[in-house]
Number of protein chains: 2
Amino acid sequence: MKKLPENQILKGDCIEVMRSLPEESVDMIFADPPYNLQLSGSLYRPNNSKVDAVDDEWDKFDSFDAYDRFTRDWLAAARRVLKPSGTIWVIGSYHNIFRVGTALQNMGFWVLNDIVWVKTNPMPNFKGRRFTNAHETMLWCSKDQDARYTFNYEAMKALNDDLQMRSDWTMPICNGGERIKDDNGDKAHPTQKPEALLHRVLLSSTEPGQVVLDPFLGSGTTAAMAKRLGRRWIGIEREDKYIEVAKRRIAAEVPVTDREAIQHTTPKRKEPRIPFGLLVERGMLTPGTVLVSPCKRFTAKVRADGTIISAEHRGSIHQVGAAVQGAPSCNGWTYWQLPTDRTAVPIDAFRQKIRAELH
Amino acid sequence: MKKLPENQILKGDCIEVMRSLPEESVDMIFADPPYNLQLSGSLYRPNNSKVDAVDDEWDKFDSFDAYDRFTRDWLAAARRVLKPSGTIWVIGSYHNIFRVGTALQNMGFWVLNDIVWVKTNPMPNFKGRRFTNAHETMLWCSKDQDARYTFNYEAMKALNDDLQMRSDWTMPICNGGERIKDDNGDKAHPTQKPEALLHRVLLSSTEPGQVVLDPFLGSGTTAAMAKRLGRRWIGIEREDKYIEVAKRRIAAEVPVTDREAIQHTTPKRKEPRIPFGLLVERGMLTPGTVLVSPCKRFTAKVRADGTIISAEHRGSIHQVGAAVQGAPSCNGWTYWQLPTDRTAVPIDAFRQKIRAELH
DNA sequence: CAGGCCGTTGAATCAGACA
DNA sequence: GTGTCTGATTCAACGGCCT
């Protein structure tokens, strides 16, 4: 039996390389396969600059069928090297994640969770034709329905202010100092994943000293975080330029020796923004309801889309409040009130009610 | 051709009922199909044979296979009744949503967004062996890649405090007064969806008066909200007890009669088109007038036929604007300005004046 | 040095009417 | 169906530069 090559980047096609590794030898697999984006033409921002899209050859497939075959092949190779107690993570978007999920289920993998990475700072939708695509999805699976797997429940709970860690993870995309640049100052890899994401993945589903395999290593976030967190790792990557980037990055990574240092505390969240429209959606105010200003000088009607309309103006609660008064600005939350029998309730009371629910 | 039955609950198997409806007749479909594979898989076996408790590989696959067949069948029937400009929403969890997504893509539906409903108050994970499953996923698809579909961008933006609506929607699950109870005080339907969810779905992707179909009506949230928001609706449900619940609920729902309250603001795209030449014809700009770009970098002269001419280019306001900047495109209305004594007025002001006259 | 302004950028399936 | 032309459209974070 071949020995498992540890803490190395193996160059080559991940399917072939995985086939050459001993079976049932790794504890966890994190995979960020090509998403098969199927982009056509180029996209310009409102300021006429061009969006730097992922148009690399490695993301091009002839058809869904070709993509499905590719998916089944690499998943089969991954399944072979995974220990019976191991788990696999796969990240993707709506372009590919359903294909991946179906393949995983068909092969006998057991979905433990689908985790949603909610991006705090996604790219907006420039043409206004869809909802802003603001998340990606990760599937976390054990090898079989009855497999014993690792889940560090307490560590996750501690990471989340002593509440159970949920299936939605809110994190920024990778940019700023963390984003690796090449000599020209351009991004070294088009889809570098944030370290915080891998930190949580590794901490949740592996023990220190276990072996983590990333078959699509790319810029090496998985390996770097595995090294930092005291896990052994194996990376597979086909392209020399990415291997160089990852090698340098991993070499610069300093392992954490202090166990306690691993526990981050989550930063205090800001008070969540409550759009006025939420009150309408939740039925606290029905469309057509009439709001009044202090002393009932002005009235405005609530519309289904969360705008309000007065005799002469329409727009947000703030805009209309300012307009009727002829003021430069207005806090609509405290200005507009819902008339009741005797008195009137500022609409801010409803906002406070929603905020209270969130805690 | 059969007439479309409107604002009714049709009793029966949704596949058969949809096959009996006229083709290309509904504007939007919202579907909440059953998704407990292990328990319901047997229900959809073609030969009606009962399956014993399933835990071996073969049965698991058989169950997925049966579910896939069921999914393809009802989606095919749904596709038939959907107008070419229509869209379909399907909600599910990781148990079934990958099967549904794959089927949708294979049938030619084009995924516009996957929307994540992030629950503020999910059921906790009691055993502490996984992350708290705190979300569900909705797929929103047009009928084809090139289909023209309805998306009320401005309404969604207004609902979200003038920021683009994102693909993650944070809302509580349906409980409290909204949750319908039966005579015993038990919940009348196991998976009643919150009204806020359907409010946003309907407002985003339908116009008032359009027809919405829900093939798995259940407790009737879709129909009730469609009625409230001035949309026509068709519900299909197999079980008498749910039909009773839904009927009572829908009857009690009071439509918003105020048209203004459910009408979203007209997007600029739909405003009447004003040719630039009209400004010249009306004498708002005389031939020979010189227009300037921002910061007066470029100038162009207005000609009698509504074209303009710069030092090196001639053509429409948009073409010349793009050409002088070397940009792929340009909105000439906001780019070109008429110089006045101290400042300059964008020519769009003249267009707005003409549009105002039209009202 | 703090703070404001401006330019840049991120896995993107990103227009629609009319001839 | 295809080609042509109008003209609508962005959020958060970071870094550099200026006051």
Side-chain angles (χ1 to χ4, degrees), chain A residues 32-56 58-61 64 67 91-97 117 119-137 172-179 181 185-187 189-194 216 218, chain B residues 85 105 109-114 141-142 144-149 151 153-154 157 160-167 267-277 306-307 315-322 327-336 347-348 351:
Chain A
D32 183 10
Y35 285 10
N36 188 24
L37 285 189
Q38 303 177 257
L39 302 177
S40 55
S42 37
L43 178 65
Y44 290 87
R45 302 164 195 265
N47 66 2
N48 275 329
S49 68
K50 193 174 172 184
V51 172
D52 181 18
V54 176
D55 54 0
D56 305 74
W58 49 254
D59 197 44
K60 290 189 170 43
F61 294 85
F64 277 131
Y67 187 79
I91 185 167
S93 66
Y94 65 83
H95 310 85
N96 71 324
I97 201 68
W117 167 26
K119 302 178 182 181
T120 57
N121 50 353
M123 188 185 296
N125 185 292
F126 295 115
K127 303 294 186 194
R129 298 302 300 144
R130 304 179 178 194
F131 298 95
T132 304
N133 187 14
H135 73 274
E136 293 188 27
T137 302
I173 59 174
C174 178
N175 59 11
E178 188 183 319
R179 187 87 195 206
K181 303 284 167 57
D186 300 322
K187 55 191 174 192
H189 190 278
T191 70
Q192 185 182 342
K193 294 292 174 289
F216 306 94
Chain B
S85 61
Q105 289 176 324
F109 285 103
W110 194 246
V111 180
L112 298 168
N113 280 111
D114 61 330
C141 308
S142 63
D144 297 288
Q145 178 171 1
D146 303 313
R148 300 280 161 86
Y149 56 91
F151 177 56
Y153 175 77
E154 292 76 13
K157 197 170 170 177
N160 193 37
D161 266 0
D162 265 343
L163 292 176
Q164 291 189 335
M165 188 67 82
R166 300 165 36 115
S167 57
K268 281 191 190 161
R269 289 184 177 88
K270 299 247 169 109
E271 296 267 310
R273 202 176 72 82
I274 310 290
F276 177 69
T307 59
S316 71
I317 49 173
H318 314 295
Q319 289 166 340
V320 177
S329 70
C330 169
N331 182 346
W333 289 107
T334 50
Y335 184 71
W336 295 108
I347 57 176
D348 198 35
R351 181 172 65 160

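Chain letters run A, B, ... following the sequence lines, proteins first and then strands; every chain starts at 1.
Not counting sequence neighbours, the partners of Asn96(A) by the side-chain hydrogen bond (donor to acceptor under 3.5 Å, both in side chains) test are Tyr67(A). By the salt bridge (charged side-chain N to carboxylate O under 4.0 Å, His left out) test, Asp161(B) pairs with Arg273(A), sequence neighbours left out. Residues passing the side-chain hydrogen bond (donor to acceptor under 3.5 Å, both in side chains) test with Ser167(B) are His135(A), sequence neighbours excluded. Here His95(A) pairs with Ser93(A) under the side-chain hydrogen bond (donor to acceptor under 3.5 Å, both in side chains) rule; sequence neighbours left out. Not counting sequence neighbours, the partners of Arg351(B) by the salt bridge (charged side-chain N to carboxylate O under 4.0 Å, His left out) test are Asp348(B). Evaluation of the ring-ring contact (aromatic ring centres under 6.0 Å, His included) rule for Tyr149(B) yields Trp140(B) as partners, not counting sequence neighbours. By the salt bridge (charged side-chain N to carboxylate O under 4.0 Å, His left out) test, Asp56(A) pairs with no residue at all, sequence neighbours left out. Shown here are the side-chain hydrogen bond (donor to acceptor under 3.5 Å, both in side chains) partners of Glu154(B), two or more places apart in sequence or in another chain: there are none.
Nearest nucleotide to the side chain of Asn175(A), out of dT6(D), dT10(D), dC14(D): dC14(D).
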If a pair means Watson-Crick or G-U wobble with both distances below 3.5 Å, what does DNA chain C look like in dot-bracket form, with | marking bases paired to a different strand? .|||||||||....|||||
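Thr334(B) contributes no side-chain N or O that forms a donor-acceptor pair with the base of dA8(D) under 3.5 Å.
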Give me, pair by pair, the N or O atoms of the protein and of nucleotides 2-5 of chain C that are less than 3.5 Å apart, along with how far apart they are.
none

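Taken to the nearest 0.5 Å, the CG atom of Asn133(A) stands 10.0 Å off from the CE atom of Met123(A).
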Would you give me the side-chain donor-acceptor pairs under 3.5 Å for residues 32-46 of chain A, sequence neighbours excluded?
| from | atom 1 | to | atom 2 | distance (Å) |
| --- | --- | --- | --- | --- |
| Asp32(A) | OD2 | Lys193(A) | NZ | 3.0 |
| Tyr35(A) | OH | Glu136(A) | OE1 | 2.5 |
| Arg45(A) | NE | Ser49(A) | OG | 3.3 |

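Glycosidic torsion of dT8(C) falls outside 90° of 0, placing the base in anti.
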Protein proximity profile, nucleotides 12-19 of chain C - base contact B, sugar-phosphate-only contact S, no contact -, cut-off 4.0 Å on heavy atoms: BBBSBS--
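Map Tyr153(B) and Ile317(B) each onto its nearest nucleotide of DNA chain D; the residue landing nearer the 5' end is Ile317(B).
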